[in-house]
J.: 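Following this message is one structure expressed as structure tokens.
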Amino acid sequence: MPELPEVETTCRGIAPHLLGQTFQQVKVYQPRLRWAIPEDFAEIITGQVVHSVQRRAKYILIQLDTGYLILHLGMSGSVRIVPTDDPLKKHDHVSLQFSATHCLRYHDPRRFGCLLWATGEIMQHPLLSKLGIEPLHDEFTGEYLQQRATKRQIAVKTFIMSQAVVVGVGNIYASEALFLAKIHPQRPANQVSAAEYNELVRHIRSVLRAAIEQGGTTLRDFTNSEGKAGYFQQTLQVYGRAGQPCVHCGQPIMQQVITQRSSFFCKQCQQ
DNA sequence: ACTGGCTCCTGAGGGC
DNA sequence: TGCCCTCAGGAGCCAG
């Protein structure tokens, strides 16, 4: 499940390989991703030079001569740099050869991800234009969250996972950050105080930063790796720990579905 | 303007 | 060992 740190790590990992290279051959093995890859996709991409690789939310944007590849990893997607003759693995859906020896492989068992072609002003794209702010940017403050939460009665966990508010806070980190900030995940968003939102922002940032740093340790052998997440290695304090003792008070961690998503919290520490 | 529910898909894990 | 069932999950989309 790629969360923002993993997408960032992926971005940093593939950029040095791709920059300045030309896509020489593109093969689509399975076009049916979240949105189908159009039939003329390979034809459009072939011959184009990579000018930049950037991230917006959990989207990876690869700028070519006449437009952008928009890549999303969904929850089971990954890309890897492999030798051209590397045998296809199950669920390798697209192969983009960018040099005489190497290609970029898109792999996604559950096919919740997407690979799109877009032209024009990229940030005006329907998938990008309504996105909220980046959690690691300076504009992401407690004040911002509280202001956006005005009149919002949805659970605060759902609120911070809303892409229109702040991007890239997935289910795991939402639970973790709320635990660290001592806020009950089901509290209505408009009933969280300014001080609490400040704490929440601080913890969202720190948990994402720590995960990116850990992801960075796998960058060295990125070409061999699946981009396996750093965050699984880090100690999660509540996520996936239902019934186990809270690291602070020892009470069993609760699990509850909030807006269709499993949520983990300590009912003693989080009010 | 908000909100909740639905949807895509496969693999993991539990029960037997 | 293997089969069947259930569930998880990002996030766009739509109906109420």
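Throughout, protein chains are lettered first and strands after them, A, B, ... in sequence-line order, and every chain is numbered starting at 1.
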J.: Stacking here means centres under 5.5 Å and planes under 30°; does A/Phe112 stack on C/dG10?
T.: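 Here the ring of A/Phe112 and the base of C/dG10 are stacked, with centres under 5.5 Å and planes under 30°.
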J.: The side chain of A/Arg111 is closest to which nucleotide in this list: B/dC9, C/dA11, C/dG10?
T.: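 Selected nucleotide (nearest to the side chain): B/dC9.
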J.: A/Lys130 has an atom NZ; how far is it from atom C1' of C/dC14, in whole Å?
T.: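 That distance rounds to 14 Å.
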J.: Relative to each other, are the rings of A/His91 and A/His107 parallel, tilted or perpendicular (30° and 60° limits)?
T.: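 The arrangement is perpendicular - the two ring planes meet at more than 60°.
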J.: Would A/Gln237 and A/Glu176 count as a side-chain hydrogen bond (donor to acceptor under 3.5 Å, both in side chains) here? Give the steps.
T.: CA-CA 7 Å; A/Gln237 304 203 25; A/Glu176 292 297 311; 5.4 Å; no
J.: Taking only the side-chain heavy atoms of A/Trp35 (C-beta and beyond), determine which of C/dG10, C/dG12, B/dG11 contains the nearest atom.
T.: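 Looking only at side-chain atoms, A/Trp35 lies closest to C/dG12.
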J.: Would you mind reading off the distance between A/Met75 atom CE and B/dC8 atom C1', rounded to a whole angstrom?
T.: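 Atom-to-atom, A/Met75 to B/dC8, this comes out as 12 Å.
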J.: How about A/Glu6 and A/Thr9: does a side-chain donor come under 3.5 Å of a side-chain acceptor?
T.: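 A/Thr9 and A/Glu6 do not have a side-chain donor-acceptor pair below 3.5 Å.
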J.: How long is the line joining CZ of A/Arg152 and P of B/dG4, in whole Å?
T.: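 Computing the A/Arg152:CZ to B/dG4:P distance gives 9 Å.
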J.: Quick check: on DNA chain B, is the nucleotide nearest A/Arg261 upstream (toward 5') of the one nearest A/Gln153, or the reverse? Name the residue that is more 5'.
T.: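 Looking at DNA chain B, the more 5' nearest nucleotide goes with A/Gln153.
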J.: With no hydrogens and no angle check, do the side chains of A/Tyr144 and A/Arg148 hold a donor and an acceptor under 3.5 Å apart?
T.: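 Yes, side-chain donor-acceptor contact under 3.5 Å.
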J.: Between B/dG11 atom P and A/Lys90 atom NZ, what is the distance in whole Å?
T.: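 Nearest whole value for this atom pair: 5 Å.
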J.: Whole angstrom is fine here: how far is it from CD1 in A/Ile258 over to P in B/dT3?
T.: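 About 15 Å, once rounded to whole Å.
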J.: Measure from the side chain of A/Pro109, starting at C-beta and using heavy atoms only, and say which of C/dG10, B/dG5, B/dT10 lies closest.
T.: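 That would be B/dT10.
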J.: How is A/Leu73 classified with respect to the nucleic acid when contacts are heavy atoms under 4.0 Å: base, sugar-phosphate, or nothing?
T.: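 The answer is nothing, as A/Leu73 stays clear of every strand by at least 4.0 Å.
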J.: Of all the nucleotides listed (B/dG11, B/dC6, B/dC9), which has the minimum atom distance to the side chain of A/Gln260?
T.: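 Per side-chain heavy atoms of A/Gln260, the pick is B/dC6.
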J.: Over how many whole Å does the gap from A/Lys58 atom NZ to C/dG12 atom P extend?
T.: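 Nearest whole value for this atom pair: 10 Å.
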J.: Quick one: label A/Ser262 by what it contacts on the DNA or RNA (base, sugar-phosphate, nothing), any heavy atom closer than 4.0 Å.
T.: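 The residue A/Ser262 makes sugar-phosphate contact but no base contact.
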J.: Reckon A/His72 has a side-chain N or O less than 4.0 Å from the OP1 or OP2 of C/dG12?
T.: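 Result: no.
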J.: What integer distance in Å separates A/Leu4:CG from C/dG10:C1'?
T.: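 Checked: the CG to C1' distance equals 13 Å.
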J.: Any side-chain N or O of A/Tyr59 less than 4.0 Å from the OP1 or OP2 oxygen of C/dG12?
T.: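 Yes.
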J.: Tell me: NZ of A/Lys157 to P of B/dT3, nearest whole Å?
T.: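 It works out to 16 Å between those atoms.
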J.: Ignoring hydrogens and geometry beyond distance, is the side chain of A/Arg110 in donor-acceptor contact with the base of C/dA8 at under 3.5 Å?
T.: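 In this structure, the two groups form a donor-acceptor pair.
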J.: What do you reckon, is CD of A/Glu43 surrounded by more than 12 foreign heavy atoms closer than 6.0 Å?
T.: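 No, not enclosed.
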